[in-house]
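By convention in this document, chain letters (A, B, ...) are assigned in the order of the sequence lines, proteins followed by strands, and residues within each chain are numbered from 1. Note that these values count all heavy atoms, side chains included, but never hydrogens, waters or copies made by symmetry.
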2 protein chains.
Amino acid sequence: MCQDCDYHKILAAAGLETTRNRLHVLEAIGERGFPLSAGDIYARVGLHRPINRVTVYRILDLLAEKNIIERLSSLKRGSYYGLAPNENHAPHPHFYCTSCGRLDCLSPGSLAVDTEHLRNTFPGEIERVEVRVDGLCQNCLQQKST
Amino acid sequence: MCQDCDYHKILAAAGLETTRNRLHVLEAIGERGFPLSAGDIYARVGLHRPINRVTVYRILDLLAEKNIIERLSSLKRGSYYGLAPNENHAPHPHFYCTSCGRLDCLSPGSLAVDTEHLRNTFPGEIERVEVRVDGLCQNCLQQKST
DNA sequence: TGAGCAAATGCAATATAGTTGCATTTACCG
DNA sequence: CGGTAAATGCAACTATATTGCATTTGCTCA
């Protein structure tokens with residue numbers, strides 16, 4: 001993710017002003033193929049223009065609340081952020097490597113979860129389902145065996 | 001979870017000494033029907049006997065590493081801990097209420113995930129799959145509507 | 001255009017969760 | 001009983017995130 005998303009349009013659709021910081025944050029998240037930590041995003045945005053750490057956190061909170069980005073969890077401290085599912089991106093599971101700490105996107109179809117039954121029977125309200133696979137990525141696995 | 005687990009036996013099987021602190025940590029986790037945060041566990045164990053925060057963290061790390069307990073993530077900061085899947089407990093998804101912040105166990109069958117295909121095709125090594133449903137629990141949903 | 005205003009951002013201080021190094025205590029083994 | 005390794009305690013520290021308040025930015029309407 002993502003060449004296909006017009007960030008300006010997305011922000012406007014959510015009723016948010018299109019500031020340079022917000023665009024840079026979105027670009028930082030979208031230009032990598034995998035979710036980033038707040039610290040990573042802060043560092044990447046900072047390459048373009050000085051920005052305050054707090055501003056990054058606030059933008060991330062705002063974008064997550066508006067469902068533009070998605071907050072993802074892992075076994076590491078701190079959250080990761082990726083573009084939220086939308087017309088261009090189907091919801092998909094992630095893979096967390098317990099060795100190198102990188103979070104990767106798995107293809108939407110790689111792990112089928114049938115939420116139908118739960119949605120029909122659960123007494124509360126379901127907003128989203130997060131599926132994360134933990135283990136060793138190919139790289140780390142190979143390095144261990146040599 | 002869990003009346004069915006003999007914690008002493010479980011610790012011994014993992015080659016760990018059965019200290020009072022470890023038993024109290026396991027009891028604290030097992031006696032509630034849902035996973036607890038490190039802070040909760042620290043507080044509950046402290047009711048029996050003074051214990052150091054660091055000791056709790058170290059025991060949690062150790063038990064998680066030995067697969068006796070399972071570290072769970074949520075949208076909140078910090079991890080939750082529950083008894084790990086074993087002969088008495090099938091792996092199961094969890095529900096995180098974004099309003100009250102409580103993490104609950106869902107029944108093992110409530111959300112079927114077919115990992116077969118992924119396990120056959122994934123180039124790395126898969127250790128576990130964590131499935132978390134986010135939304136509003138029944139309680140919080142009712143309180144909002146009144 | 002520019003004054004007024006709300007939203008966005010910056011900055012410093014603080015909070016929360018977890019970690020590290022080292023000293024002390026406990027529990028096992030001969 | 002004495003020696004030794006494991007477990008625990010304590011203080012300091014790190015990383016991540018949040019809060020309150022001051023300043024800047026950018027939109028709106030005269």
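Residue pairs satisfying the ring pair (Phe, Tyr, Trp, His ring centres under 6.0 Å) criterion with at least one member in residues 124-146 of chain A, sequence neighbours excluded, are absent. Applying the ring pair (Phe, Tyr, Trp, His ring centres under 6.0 Å) test to residues at least two apart or on different chains, none of the pairs has a partner in residues 127-146 of chain A. Within the structure, salt bridge (Lys or Arg N to Asp or Glu O under 4.0 Å) pairs that include any residue of residues 35-45 of chain A comprise A/E31-A/R44 (at least two apart or interchain).
When atom types are taken as modelled, the side chain of A/T121 and the backbone of A/H117 share a donor-acceptor pair closer than 3.5 angstrom.
Atoms CG (A/L60) and C1' (D/dT18) sit 13 Å apart, rounded to a whole Å. In this structure, B/H8 atom NE2 and C/dA27 atom C1' are separated by 14 Å, rounded to whole Å. Rounded to whole angstrom, the span from the NZ atom of B/K76 across to the P atom of C/dA17 amounts to 8 Å. For the pair B/D40 CG and C/dG18 P, the interatomic distance rounds to 11 Å; values are reported in whole Å. Taking atom NZ of residue B/K66 and atom P of nucleotide D/dA6, one finds them 12 Å apart after rounding to whole Å. At whole-Å resolution of the value, CD in B/E65 and P in D/dA7 are 12 Å apart. One interatomic measurement links the two molecules: CG of B/L63 to C1' of D/dA6, which rounds to 15 Å at whole-angstrom precision.
Remark on the helix from C/dT1-D/dA30 to C/dG30-D/dC1: inter-end axis angle 30°, axes from five-pair C1' superpositions, rounded to 10°.
Follow the hydrophobic side-chain contacts under 4.5 Å out from A/F34 and you reach A/I29 in the same cluster.
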Donor-acceptor contacts under 3.5 Å from residues 104-116 of chain A side chains, at least two apart:
residue, atom, partner, partner atom, Å
A/D104, OD1, A/R102, NE, 3.4
A/D104, OD1, A/R102, NH2, 3.2
A/D104, OD2, A/R102, NE, 3.4
A/S107, OG, A/S110, N, 3.4
A/S110, OG, A/S107, O, 2.7
A/D114, OD1, A/E116, N, 3.1
A/T115, OG1, A/R119, NE, 3.0

In a table with atom names and distances, give each donor-acceptor pair under 3.5 Å that connects a side chain of residues 69-77 of chain A to protein atoms at least two apart or in another chain.
residue, atom, partner, partner atom, Å
A/E70, OE2, A/R128, NH2, 3.1
A/R71, NH1, A/Y81, OH, 2.7
A/R71, NH2, A/D61, OD1, 3.2
A/S73, OG, A/E130, OE2, 2.9
A/S73, OG, B/S73, OG, 2.9
A/S73, OG, B/R132, NH1, 3.0
A/S74, OG, A/K76, N, 3.0
A/K76, NZ, A/Y80, OH, 3.1
A/K76, NZ, A/G101, O, 3.4

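Applying the 4.5 Å side-chain rule to ILVMFWY residues, one finds A/L141 in the same cluster as A/L136.
Within 3.5 Å, a donor on the side chain of B/R77 pairs with an acceptor on the base of C/dT16, or the reverse.
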Worksheet item: Reading nucleotides 3-12 of chain C from the 5' end, what letters show protein touch, with B for base, S for backbone sugar-phosphate only, - for no heavy atom under 4.0 Å?
Response: ----SSBBBB
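Between D/dA17 and A/Y57, a contact under 4.0 Å exists linking OP1 or OP2 to a side-chain N or O.
Looking at heavy-atom distances under 4.0 Å, A/S79 makes contact with sugar-phosphate atoms alone, never a base.
B/A14 pairs by the side-chain contact (heavy atoms from CB on, under 4.5 Å) definition with B/L16, B/K66, B/I68, not counting sequence neighbours.
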